[in-house]
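Atom set for the values below is all heavy atoms of this structure, side chains included, hydrogens, waters and symmetry mates excluded. In what follows, every chain begins at residue 1, and chains take the letters A, B, ... in the order their sequences are listed.
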Amino acid sequence: MTMNLLKSDKFINEVISYIKFPFDREDIRKELEDHILDKMEYYDSRGIDKVTAEELTLRDMGNPKEIGIALNREHNFVLGWIYKITNALVTIFLIITVFTVGISLISTIFSGNPAKHISKEDIVYDIKVNEKVKIDDRVIKFKNVIYEKNGDLNIIYEYYDTKPLGMGWSLGSIGTIRDNLGNEYFVSSGSSSGGIVTKGISTISNFSDKIDTLIIEYDMYNRYYKVEIPLKTGDLNE
Amino acid sequence: MKIDKGLVGGSTILLLLSLLQERDRYGYEIIRELETRSDNTFQFKEGTLYPVLHKLENIGYVESYLSKGDAGRERKYYQITKRGKKQLIEEKRQWETFSKSVEKVVYGDDHEFA
Amino acid sequence: MNRKKKIVRNIIILIALSTLFLNRGISLTPMAAHEASERSIHYGPSKVVHIEDFDDGKYILCKYDKWISCNTVKKTMFFFWTFGNQVTGIEIDKGRPLNFTWGYSSDRNKLYGIINDSNINKVELYLDDGRTLSQTEFYDDDMFLFTWKGESKLSEIKAYDSQGNILFKDYK
């Protein structure tokens, strides 16, 4: 308190002693202090000395035990704790949410184009595929197919979970890759990265430029899709 | 004449909500206003106001906030809520009914109001 | 807003945030984690035939269509459950009296399988440290699960009929 008011402090301490929920005590103390200070100013403005003013003020305030018990009834211990705990939980959950969403967003923004390492001069053709398939909660989009002069065929795709903020398994395989003649190809390299949307690239080496159609077929554990991609053959295009 | 019946018994809510209906006030302000307007008829232990205010807040008739206001120091102000305003109308109605009934008993049936 | 209203508001926020997170990697129950794990890896939904605890998780022995699997889920953050590993399984080959597969994760080993020959009434495992494990009561009448801790690995597996004849044998 601003002035040295031992009796007032004693009064308030006694009131506070009846408040069982500890976290409300300081607010109550402040409210009572403000009232007492206001009342003492009132007596002071009527020319009464500080010592008497304090005595009169405390007499006007009433019985500290009565006030304390009545106040305690309005500051329920159980509710108070439930409030405090739910507040803490909300804070924790919000932090986790912001953190998770933040990381997903940042990963998505920074993952960029998986084919950015392929320079334009090396590209024989870049076919836009834009086919979408879905298995369980995963939507997979085959974006484009880039064929390079060195014989590498790159399948660029992306996928996302229809349940956002989901943590789940990455896509293991995009499926079996064949051509229209039935030859099967194996992916020599691949990578994927991303947050909300994962972007991936699968590369097949030594792919012949005579192939008509690329067929990607996923057939595992009763999940199925098939994507057929007509390829350009013959002369080099840009 | 001083009336000290704890906080004037059943009309407490009516009095407090009326004062807060006019403007937001802090505890000491409410006490002063009650005393002034009632020509000091209503005087009671000032500390006992706070349990009532806190109760009104728990019920939802008032809300509190901290503010420096015109009064310099930062104090806890009380503000009437929509629910509080509705309750005030109800309290006023009940008071009118109550006081009319008392009048009828004390002064007899032929005492009419214009 | 008074305290009661704030508590209600907090609970609503907690429920709303939870629905964003629950069953997407973090679940309230082991079964929810198991189901989410299977769906995320595009397998199942399996029929669970047996569940067995280990330190901080559970083995979930399952059947799905023509496959059997033994998924794991792990306890995390005190109250929650999350994906383990080895979610998908092996295809049942009715041509053999018994199908099995085994794997390990740090010092926890598991071996599970299905009995295709109904005459088999005992399956025995011989570990390379000399221990023998056996099972005569099978889950869903035909599945078995052996778990053991330590460095020792499978040496041999044998299956017997009620007369003690060996109907199946396999070496590591």
Looking at [X], I'd like to know if its [atom1] atom is crowded, meaning that more than 12 non-hydrogen atoms belonging to other residues, nucleotides or ligands lie closer than 6.0 Å.
X: B:Lys55; atom1: NZ; result: no
X: B:Tyr65; atom1: OH; result: yes
X: B:Lys82; atom1: NZ; result: no
X: B:Phe98; atom1: CZ; result: no

What distance do [X] atom [atom1] and [Y] atom [atom2] have between them, rounded to the nearest 0.5 Å?
X: B:Lys45; Y: A:Arg59; atom1: NZ; atom2: CZ; value: 8.5 Å
X: B:Ile59; Y: A:Glu74; atom1: CD1; atom2: CD; value: 7.5 Å
X: B:Glu46; Y: A:Leu58; atom1: CD; atom2: CG; value: 10.5 Å
X: A:His35; Y: B:Tyr26; atom1: NE2; atom2: OH; value: 10.0 Å
X: A:Met61; Y: B:Tyr50; atom1: CE; atom2: OH; value: 6.0 Å

Top contributor to chain A contacts, counting heavy-atom pairs under 4.5 Å, from B:Glu29, B:Lys76, B:Glu74, B:Glu57:
B:Lys76
Take B:Arg32 and A:Asp38, measure what salt bridge (charged side-chain N to carboxylate O under 4.0 Å, His left out) needs, and give me the verdict at the end.
CA-CA 10 Å; B:Arg32 290 243 48 81; A:Asp38 283 336; over 6 Å; no
Counting only heavy atoms closer than 4.5 Å, note whether [X] contacts chain B via side chain, backbone, both or neither.
X: A:Glu66; answer: side chain
X: A:Leu71; answer: both
X: A:Arg73; answer: neither
X: A:Ile28; answer: side chain

Evaluate the side-chain contact (heavy atoms from CB on, under 4.5 Å) criterion for residues B:Ile31 and A:Lys39: first the C-alpha distance (whole Å), next the side-chain angles of each, then the deciding distance (0.1 Å), finally the verdict.
CA-CA 10 Å; B:Ile31 300 287; A:Lys39 193 66 193 270; 6.0 Å; no
Is B:Arg73 paired with A:Glu33 through a side-chain N to carboxylate O contact shorter than 4.0 Å?
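So A:Glu33 does not pair with B:Arg73 through a salt bridge.
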For residues B:Pro51 and A:Ile67, report the shortest heavy-atom separation together with the two atoms involved.
CG-O, 3.9 Å
